[in-house]
Amino acid sequence: MKKIGIIGVGYVGLVSGAGISDFGHKVVCADIDGKKIESLKKGQIPIYEPGLKELVDRNVKSNRLLFSSEIDKTIKDSDIIFIAVGTPEGSSGEVDLSHVFDVAVEIAKNLDKYKIVCTKSTVPVGTGKKIKEIINSNKLHAVDFDYVSNPEFLREGSAVKDFLWPDRVVIGCESDVAFKSMIEVYQPLFRNKKPIIQTDISTAEMVKYASNAFLALKISYINEVANLSEVLGCDIKVVADLIGQDGRISPKFLHPGPGYGGSCFPKDTKALVKLAKKANLHIKTITAAIEANVYQKERMFFKLESLLKGNVKGKTIAILGLSFKPNTSDIRESSSIDIISNILKAGGTVKAFDPIANRSMKKIFPNIKYYSNWQKAVNNSDCVVIMTEWNEFRSLDLIDLKKRLKTPLLLDTRNIYDPQKLLELGFSFDTVGRKKNINY
Ligand code: UDX
C-alpha cells in the first residue's frame with residue numbers, strides 16, 4: 001500500500017484519487033479551495049460523472065480516501081505526489097502552467113525525504129524538465145526525488161470506467177525505482193492484463209497531446225467527409241461504417257456531428273500547434289483540424305438558417321442538449337454555445353433544455369429560457385435542434401414532437417434519427433451527411 005497525495009481536486013484529480021484508492025492505496029486529495037474540500041467531506045461531488053459518487057463513497061467508507069485543504073501536510077505525508085491541477089488555455093493559445101509551477105514550489109518546500117512527483121495534468125512537452133528544475137532550485141533539504149509523467153486519458157462521462165479499465169497506462173520516468181513504485185500503484189490493472197509502459201518523460205508528455213490531437217483530427221476528417229457526402233448525395237452513416245471496418249482505421253471517433261468541444265480537444269490541439277511553432281515547425285494537419293472544427297460549428301447555424309428559409313429573425317428555436325457531449329454537465333467549447341449565440345445575433349429566440357447542463361449554460365446565456373423537459377422546450381417552437389446525443393433524445397416520440405412544433409422542422413446534428421422515418425412523418429429536416437431519400 002502506497003501513501004498518495006493528489007494535489008488539485010478537479011475532474012482529473014478526483015477521478016484519479018478515487019480510482020487509486022480503489023486499487024487499495026491510502027489517498028489524500030488536497031486542494032486550496034477549502035469550500036470544495038468541505039463539501040467533498042460531506043459526500044457532495046462537485047461534478048456530474050456517472051459512477052463517481054459510488055466510487056468516492058466506497059473508498060471514504062473504507063478509510064482509504066480522505067480530503068484535505070492542507071497542501072503542505074499532504075505533501076509531507078505522501079510517498080507519491082500527483083500534480084492534478086488545471087492547465088487552462090492562456091490568452092495566446094499556449095497552456096497556462098502557473099498552477100502546476102505553484103504546486104512544484106509547494107512540493108519543493110515540503111520535500112523532507114525521498115518522494116516521487118508525478119504529473120497527471122496535461123502539460124506540454126518539456127514541462128517535466130521545468131518542474132524538476134523548480135523543485136531542485138526551491139527545495140530546503142538535500143533530499144532526492146524522482147519525476148514521473150503519467151498522463152490521463154479520461155473521457156468525461158465515462159471517466160470512472162476509463163480509469164479503472166484503461167487501454168494502457170503510460171509512465172514517463174528515467175528511474176527504475178520510480179517505475180517500480182508506479183507499477184505498484186497500478187498493480188490491480190495487471191490482473192486485467194492492461195499494459196503499463198515505461199517511456200522517457202517527454203515521450204509520455206507527447207503521447208497525451210498526440211492522442212488527443214489525432215482523435216480531434218479523426219472527427220474533423222469525418223465531419224468534412226460528411227459535408228462532402230451531403231453535396232454528392234452519399235450517406236455518411238454507410239460511408240463511416242464501411243471505412244471503420246478497416247482494422248487500420250477502426251469505427252471509433254468516426255461519428256460526424258456539430259464539431260468537437262470539451263476541455264481537452266480544443267485546448268490540446270491549439271497547444272500542439274503552438275508547441276510545433278516554437279520548434280519552428282508548422283503542424284499542418286492539426287491546424288486544418290482546428291479550422292475544420294470552427295467551420296463545422298458555424299455550419300450548424302447555416303443549416304438551421306436554410307431550414308427556416310433564411311428567416312431566423314422572430315423565430316423560436318428549441319435547442320435540445322447543451323453539454324458538449326452526453327453524461328456531463330460540462331459545456332466548455334460546446335457547439336451549443338455557437339448555435340445559440342448565432343440565433344440570438346440573427347434575432348431569433350431560444351428555448352433550451354438539457355437533462356443536466358441547464359445551470360451551466362445559464363452562466364453564459366442568462367437571458368434565454370430554460371425548461372425542465374424537452375416537451376416544454378419544443379412547445380410552439382418553429383424548429384427543434386438536437387445538439388447533444390443524450391439517451392433521452394434518442395427515443396423521442398416523434399409524432400408527439402411534431403404536434404408540439406409550430407412547423408415540423410428538425411435539425412439533427414447528431415444523426416440520431418432515421419431520415420426515412422422523418423420523411424414518412426412529414427418532417428422537413430437536416431442531418432450531418434445523411435442521405436435524405438434513402439433507397440437501399
Ligand atoms: C477527450 C479524450 O477522449 C480523452 O482521452 C482525454 O483525456 C480528454 O479528452 P472528452 O473531451 O471527455 O475526452 O470527450 P470525447 O468523448 O473524446 O469527445 C470530445 C468531443 O468530440 C465531444 O464534443 C464529442 O461530441 C465529439 N465527438 C466524439 C464527435 O463529434 N464524434 C465522435 O465520433 C467522437
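Order of appearance sets the numbers: ligands from 1, and atoms from 1 within every ligand.
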query = Are E298 and K303 ion-paired here, with the side-chain N under 4.0 Å from a carboxylate O?
reply =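 Salt bridge absent between E298 and K303.
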Taking atom types as modelled, is there a side-chain donor on S78 or K2 under 3.5 Å from an acceptor on the other?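 Checked: S78/K2 side chains show no N/O donor-acceptor pair below 3.5 Å.
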What do you reckon, does [X] have a nitrogen or oxygen under 3.5 Å from a nitrogen or oxygen of ligand 1?
{"X": "G259", "value": "no"}
{"X": "F153", "value": "yes"}
{"X": "Y11", "value": "no"}
{"X": "E156", "value": "yes"}
{"X": "F265", "value": "no"}

Checklist entry - Is there a side-chain contact between K237 and D241 (heavy atoms, below 4.5 Å)? => result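 They are in contact (side-chain heavy atoms under 4.5 Å apart), so the answer is yes.
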Could you find the nearest protein heavy atom to [atom] and give me its residue, atom name and distance?
{"atom": "atom 4 (C) of ligand 1", "result": "L154 O, 3.4 Å"}
{"atom": "atom 32 (C) of ligand 1", "result": "H255 O, 3.6 Å"}
{"atom": "atom 16 (O) of ligand 1", "result": "K325 NZ, 2.9 Å"}
{"atom": "atom 25 (O) of ligand 1", "result": "R414 NH1, 2.9 Å"}
{"atom": "atom 28 (C) of ligand 1", "result": "I219 CD1, 3.5 Å"}
{"atom": "atom 9 (O) of ligand 1", "result": "C264 CB, 3.0 Å"}
{"atom": "atom 11 (O) of ligand 1", "result": "F324 CE1, 3.5 Å"}
{"atom": "atom 3 (O) of ligand 1", "result": "R155 CG, 3.2 Å"}

Which bit of [X] gets closer than 4.0 Å to ligand 1, counting heavy atoms only: side chain, backbone, both or neither?
{"X": "M387", "answer": "neither"}
{"X": "L254", "answer": "backbone"}
{"X": "K208", "answer": "side chain"}

Not counting sequence neighbours, list each pair that qualifies as a ring-ring contact (aromatic ring centres under 6.0 Å, His included) and has a residue in residues 229-272.
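Listed by first then second residue: Y260-F265.
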- Message: Quick one: does any side-chain atom of E49 pair with a main-chain N or O of G157 as donor and acceptor, under 3.5 Å?
- Response: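 Yes, E49 side chain to G157 backbone: donor-acceptor pair under 3.5 Å.
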Using modelled atom types and a 3.5 Å cut-off, is there a donor and acceptor pairing between side-chain atoms of E205 and backbone atoms of S149?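 No, the answer is negative, given that no donor and acceptor are paired below the 3.5 Å cut-off.
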S334, G262, P266, G261: member with heavy atom nearest to atom 23 (O) of ligand 1
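Considering heavy atoms of S334, G262, P266, G261, the nearest to atom 23 (O) of ligand 1 sits in G261.
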Inset, instruction - Please test N415 against R434 for side chain to side chain donor-acceptor pair (under 3.5 Å), starting from the C-alpha separation and ending with a verdict. - result: CA-CA 7 Å; N415 292 349; R434 301 246 27 215; 5.8 Å; no
- Task: Could you grab the distance from atom CZ of F365 to atom CG of L322, nearest 0.5 Å is fine?
- Result: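 That separation rounds to 9.5 Å.
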query = Within 45 degrees of the axis of the six-membered ring of Y417 and under 6.0 Å from its centre: does R394 put its NZ or CZ there?
reply =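 Cation-pi check for R394 and Y417: fails.
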### Query
Does K351 make a cation-pi contact with Y371 (under 6.0 Å, within 45 degrees of the axis)?
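So K351 does make the cation-pi contact.
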Can you sort out the partners of T119 under side chain to side chain donor-acceptor pair (under 3.5 Å), two or more places apart, ordered by chain and number?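 For T119, the residues satisfying side chain to side chain donor-acceptor pair (under 3.5 Å) (neighbours in sequence not counted) are Y147.
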